[in-house]
Amino acid sequence: MNWGVLLFPGSNCAEDCFHVIDKVLGKPVTYLWHKDTDLGDVDAIIIPGGFSYGDHLRPGAIAHLSPAMTAVKDFADRGGLVIGICNGFQILTEARMLPGSLLQNKGIKFLCQDQTLKLDNTDTPFTSEYDPGDVVVFPIAHNEGNYYAKPKTIAEMEQNGQILFRYCNADGEVSDATNPNGSINNIAGIINRAGNVVGMMPHPERSSDAVLGLSDGKGVFVSMLKHLEAKHGSDQ
Amino acid sequence: MDRINKMSEKKSGMEEKLWIKAGLTDSEYELLTSHMQREPNTVELALYAQMWSEHCGYTHTRPLFKHFLTTGPRIVQGPGENAGIVDIDDDEVLTFKLESHNHPSAIAPFQGAATGVGGIVRDILAMGAYPIASLNSLHFGHPGDAGHTRYLISEVVHGIGEYGNCLGVPTVGGELRFADAYKGNPLVNAMCVGYMKKSQIKKAIATGVGNSLMIVGNLTGRDGMGGASFASKDLDEENEEDRGAIQVGDPFMEKLLIEACLEVFEEDYVVGVQDMGAAGILSSSVETASKAGNGVEIDVSLVPKREEAMRPEEVMISESQERMLLIVKKGMEDKVNKIFHKWDLHAVVIGHVTDDGLYRVLEDGKTVGEVPVWSLMDAPTYILEGQEPAHLQQTRSFKNEDVAVPDDLNITLLTLLGAPDICSKEWVYRQYDHRVQMNTVVKPGSDAAIIRIKDRDKAVGMTMDSNGRYCYLNPRRGAQSIVAESARNQVVSGAEPIAITDGLNFGNPEHPEVYYQLEQSIIGLSEACRALDTPVIGGNASLYNQTPEFGAIFPTPIIGMVGLVKSLDHITTMEFKNAGDFILMIGETRDELGASEYLDQIHGLVTGDVPELDLELESKTQKFILEIIRAGLVNSAHDIGDGGMAVALAESCIAGELGAEVSFDLDLRSDSLLFGESQTRFMLSASFESAEKIIDLASEQGLEAATIGRINTGNQLIINNLDNILIDVNIADCSEAFKTGFDKMMKTDA
Amino acid sequence: MLKAIVTVMLKKGIFDPQGRAVQNGLESIGFEGIGSVRVGKQIELTLETKDRAEADSSVHEMCDKMLSNPVVESYSFEIVEA
Amino acid sequence: MLKAIVTVMLKKGIFDPQGRAVQNGLESIGFEGIGSVRVGKQIELTLETKDRAEADSSVHEMCDKMLSNPVVESYSFEIVEA
Ligand SMILES: Nc1ncnc2c1ncn2[C@@H]1O[C@H](COP(=O)(O)OP(=O)(O)O)[C@@H](O)[C@H]1O
Ligand SMILES: [Mg+2]
């Protein structure tokens, strides 16, 4: 099971994702380079957080046009698992691999805090380790995390179970008061229609190493791993 | 030399004295002409003016540095390089330093603060290290009465956040303090800590005649023209024209620079590295050449520029950001360039190391300036005569009886919890990514930030501290107290203090009273560093912090301290953990109200003397605290600082969301007991058995320690003395006051 | 040489937090009678071509591909002599 | 109702990292012949007044006080019917 972490100029959570796959999961992982068109033999791709191209113009505006992203699209079209975290989510929406867009936080400030999230759809390769309604803590750290899509798109996504995580409080309440950035319907993470591409603003990797006091996020990577292992089992 | 503009040709009236305009005195001009044995041309004059400024030449502070302790068993590199280095065992080292960006931040707060972060990160990078955390110490006027101050705060915090966040270096701590003395001249000091293996250490040295000087990073423009000499003047209207000197930060470029430089450093291509800070290409190359005893020549026409028709001296002193100087082994230039190219950057040869000891500036191959390297480094120093500030006579005569004990001490406590210096700074640090790199074990909001070292059972404590009011009221003891307080923050977190970096923020040293403050503060810092075994491994001086309208700032030495947590098990935080645990207080409370936050906030008085400080007792007590923490006896630990015992207790309750009741038997004024700032005190919690052990151990060592009460699940904080209830407040109210204090302050309208 | 002046704004109907913040800020320092504020970007590009039609089509393409995000933004531009 | 369209750009000679990044980005996806790129802000304000002179002087004041930082930025604006 090979994992790839895609590196852009300005990515700054790539090492963190690498660390979690390598040290916490103990699985093989390599860096992928934004200029490459051939991503090699990987089974899952993480597009990490950071400020690709300095977030100039819009987060993800320049990165999504890089050669590697064409390859990532092909990979996803073939059913490969792709997860974009924070800036990775922004890149995936810019690339139209996920619907909607991430606008500036309603408070117009960068927001770094440990955030409670409520699990919505847990019947996906990324969330199978959780139960619906689970409340977990993942850190957030972003300036443009305010998820927006047209009302019609939102309605379809809601209906299709494409919402994976919502911002909530410690009791699991989802309301305007528990919405840190203004996202529509408190959306924190979504999945594409095909069920193999995820984007989320919160950082599951930062919640995967118990020394740091948080470990809820590990479930995202373990879910992916189990899915891949099951798939590989059936492939063989 | 073709381009000679003999000064003497124009040397008639006062306005013709170009050296005066450049910031040099008549005697300095005389000295440099004697060094050169002729008169300088415009290029050469610019070289001296920059290198001999306070900012580059430390003309007023250098003679005072002799007081500092700069060596010790863990000190690998003391002052003199881009940053000092300490040993943290296992062949691993840390490098750290702080730097001020006060004047730029006063004028363009967002950019000034952002480029301040960028600058200090490059210092760390130049040591060969990976930047693992940054901190900042900020001082402003009181925001309640000025929209402009609120604007400055917002912009400075935004600038620091945007730069650090983009770099992916977590901003993990710092401090934010307020006094009207900073109204016209805010202070913005940033600190960065880097990590590396001992074998990866780099030096700022230009060895090897024939080796190449390569410039990497951003293009050179006219930004920050004369920033070094700008930082060495008072901020006043006359400097208005200097205000074009604003650099714009490009954290994206800096991030690439970090990646590319560290990749190059892995190979054996580079003999020396220096970041380009104040006075840009000039100071970086002079310093590296001087260290090697070599000369250098630089051709300004080779420097990649983004503006046209730049004069040679403009290229030499430009402070365009995100540039570094590499001294590259002859023949390796292409290899270096190749790595930079991978990151879409260039690395360009602009000159060479020579053997003639001369600093030679060329333009299109023709010499346009040539002076001895040593003479540029040999800035004249000034030892002045200090004079005790007049206000000290009056402030020292303050007696506690001059103020009345407030009727409602609950309200006093709530007011203090919401006071600018004490209230939660979450408004600030939630704008900083403090978790990136996944090493932040203790995030902002506790006493020290704790950053783990991956794959090892150890971590690093980081703090930044100052207290302008203390230093204003007693520069020497005030400075001692800062070091002591910083070290207390380390030990309560489970870290053994290792070393400090200091930022000397003062007014114009040419005023005898300011010089006195500077000298006394340095002496105080030095004394405390010796007593607590925390050598000074680097620092920064920012003088001339004053404006005609508001006068000089409080004397504000700021220290950044790093400590070593020897096992992750030792990490301790300040919040109360368990109902039923016993609360202990270590240290003696005296009738000391002078210089306190309480006098300032409640009585509107900045007066009195700074509390007594026995450095020997301090050292002994700190070792004891660390010993009991390492022994696993302590569940929470907090130092008693601003706002005194009651505030420390309330903070531990708020953070732990638990109640507490404590009782004393002390014959003291209530306000001294609750809010006095007697030094060398700690607030701990522990289980019954551990509490007993702690008391025994303390008495064995002759230290004052008492169990004062217990933690409970209730919602009240109750403090009794001699059977009187002094405080009985709701924790939720405390929490509300503490957490909303900052927001309220930022919303107050003038 | 030609110069393209491109304006990119959030589409109507999408809440603009920055615009709101600017409006609040202006009101807090005493400006009255501000109906609404929107904040967008202005991007100025100098182009080496002298052919307006060519410039026009290439700037359109830049806007569609990179300078704006059609999901949330609209753009307009004018081309002038540099 | 009037509308003020304010443009705030970094002053000439002040480095614009964003403009440079955009230029590199455009070049990397194949656009050629771009001389330079500068990125600034466009701020649109609707004003309740109908008096152009009043609007003009109040927008000037807004720009000086809040919308631009005169140390690094310059501004210009036009006032149109909303
Ligand atoms: N400017 C700042 N940047 C980041 N963190 C800050 C800043 N100011 C304060 N903090 C954090 O807030 C907490 C409280 O600060 P302070 O009251 O100065 O602590 P102490 O008195 O223990 O030194 C600390 O964790 C500190 O790191
Ligand atoms: Mg403390």
Side-chain angles (χ1 to χ4, degrees), chain A residues 7-20 22-24 31 33-35 48-57 59 62-63 66 86-87 105 107-115 138-144 170 180 202-214 217, chain B residues 130-132 154 157-172 249-260 322 342-345 426-445 450-457 459 568-569 571 573:
Chain A
L7 256 180
F8 292 98
S11 299
N12 64 30
C13 303
E15 283 91 346
D16 295 359
C17 293
F18 192 100
H19 168 80
V20 169
D22 180 32
K23 292 280 161 54
V24 180
Y31 288 116
W33 184 240
H34 66 107
K35 286 178 186 162
F51 290 68
S52 58
Y53 295 95
D55 269 5
H56 287 307
L57 219 46
I62 300 176
S66 64
C86 200
N87 192 228
N105 296 346
I108 64 158
K109 288 202 166 63
F110 189 93
L111 196 54
C112 176
Q113 64 190 32
D114 295 349
Q115 176 67 45
F138 296 4
I140 56 172
H142 58 246
N143 191 47
E144 285 93 359
H203 288 270
E205 80 280 13
R206 295 188 186 183
S207 179
S208 292
D209 191 339
V211 176
L212 305 179
L214 300 170
Chain B
Y130 187 71
I132 57 168
S154 296
V157 168
H158 190 196
I160 290 172
E162 194 145 298
Y163 206 100
N165 296 347
C166 184
L167 277 191
V169 176
T171 305
V172 298
D250 184 357
F252 173 52
M253 170 61 80
E254 181 117 326
K255 170 77 174 156
L256 300 184
L257 206 48
I258 295 173
E259 308 277 4
E322 293 92 18
K342 171 183 158 193
W343 291 97
D344 302 324
L345 302 175
E426 192 178 340
W427 185 93
V428 175
Y429 59 69
R430 78 179 166 221
Q431 296 183 54
Y432 300 153
D433 189 341
H434 45 257
R435 281 202 177 271
V436 65
Q437 295 190 16
M438 282 181 62
N439 297 317
T440 312
V441 185
V442 177
K443 51 183 186 156
I450 304 289
I451 303 298
R452 63 132 173 216
I453 303 296
K454 279 202 184 86
D455 305 324
R456 301 252 186 233
D457 183 26
L568 297 177
D569 291 337
I571 296 172
T573 51

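Naming: A, B, ... by sequence-line order, numbering from 1 per chain.
Using the six-membered ring where Trp is involved, A:His56 and B:Phe252 have ring planes that are perpendicular, over 60° apart on the 30 and 60° scheme.
Across all non-hydrogen atoms, the minimal contact from B:Leu568 to A:Val211 is CD1-CG1, 4.0 Å. When all heavy atoms of A:Gly10 and B:Lys255 are compared, the closest pair comes out as CA-CG, 4.0 Å. Among all heavy-atom pairs drawn from A:Phe51 and B:Asn165, the shortest one is CE1-O, 3.1 Å. Nearest heavy-atom pair across B:Asp344 and A:Lys35 is OD1-NZ, 3.1 Å. The shortest non-hydrogen separation linking A:Gly54 to B:Cys166 is CA-SG, 4.2 Å.
For the set A:Ser11, A:Pro9, A:Cys13, the count of heavy-atom pairs under 4.5 angstrom toward chain B peaks at A:Pro9. Per-residue heavy-atom pair counts under 4.5 Å with chain B were compared for A:Gln113, A:His19, A:Lys23, A:Glu15, and the maximum is reached by A:His19.
Residues in residues 431-442 of chain B take part in these salt bridge (charged side-chain N to carboxylate O under 4.0 Å, His left out) pairs, two or more places apart or across chains: A:Asp114-B:Arg435, A:Arg206-B:Asp433.
To the nearest 0.5 angstrom, A:Cys112 atom SG is 3.5 Å from B:His434 atom NE2. Atom CG of A:Asn143 and atom NE2 of B:His158 lie 6.0 Å apart (nearest 0.5 Å).
Note on B:Lys454 versus A:Asp209: no salt bridge recorded, every NZ/NE/NH1/NH2 to OD/OE distance being 4.0 Å or above.
A donor-acceptor contact shorter than 3.5 Å is absent between the side chain of A:Asn12 and the backbone of B:Val436.
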B:Gln431 vs A:Leu111, side chain to side chain contact (heavy atoms under 4.5 Å, CB included): CA-CA, chis, key distance, verdict: CA-CA 5 Å; B:Gln431 296 183 54; A:Leu111 196 54; over 6 Å; no
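Contact of B:Ile571 with chain A is not made at all, since no heavy-atom distance falls under 4.5 Å. When heavy atoms are compared at a cutoff of 4.5 Å, A:Ile140 does not approach chain B at all. Heavy atoms closer than 4.5 Å to chain A are found in the side chain of B:Asp250, but not in its backbone. For a residue to count as touching a neighbouring chain, one of its non-hydrogen atoms must lie under 4.5 Å from one of that chain's; by this rule A:His142 does not touch chain B.
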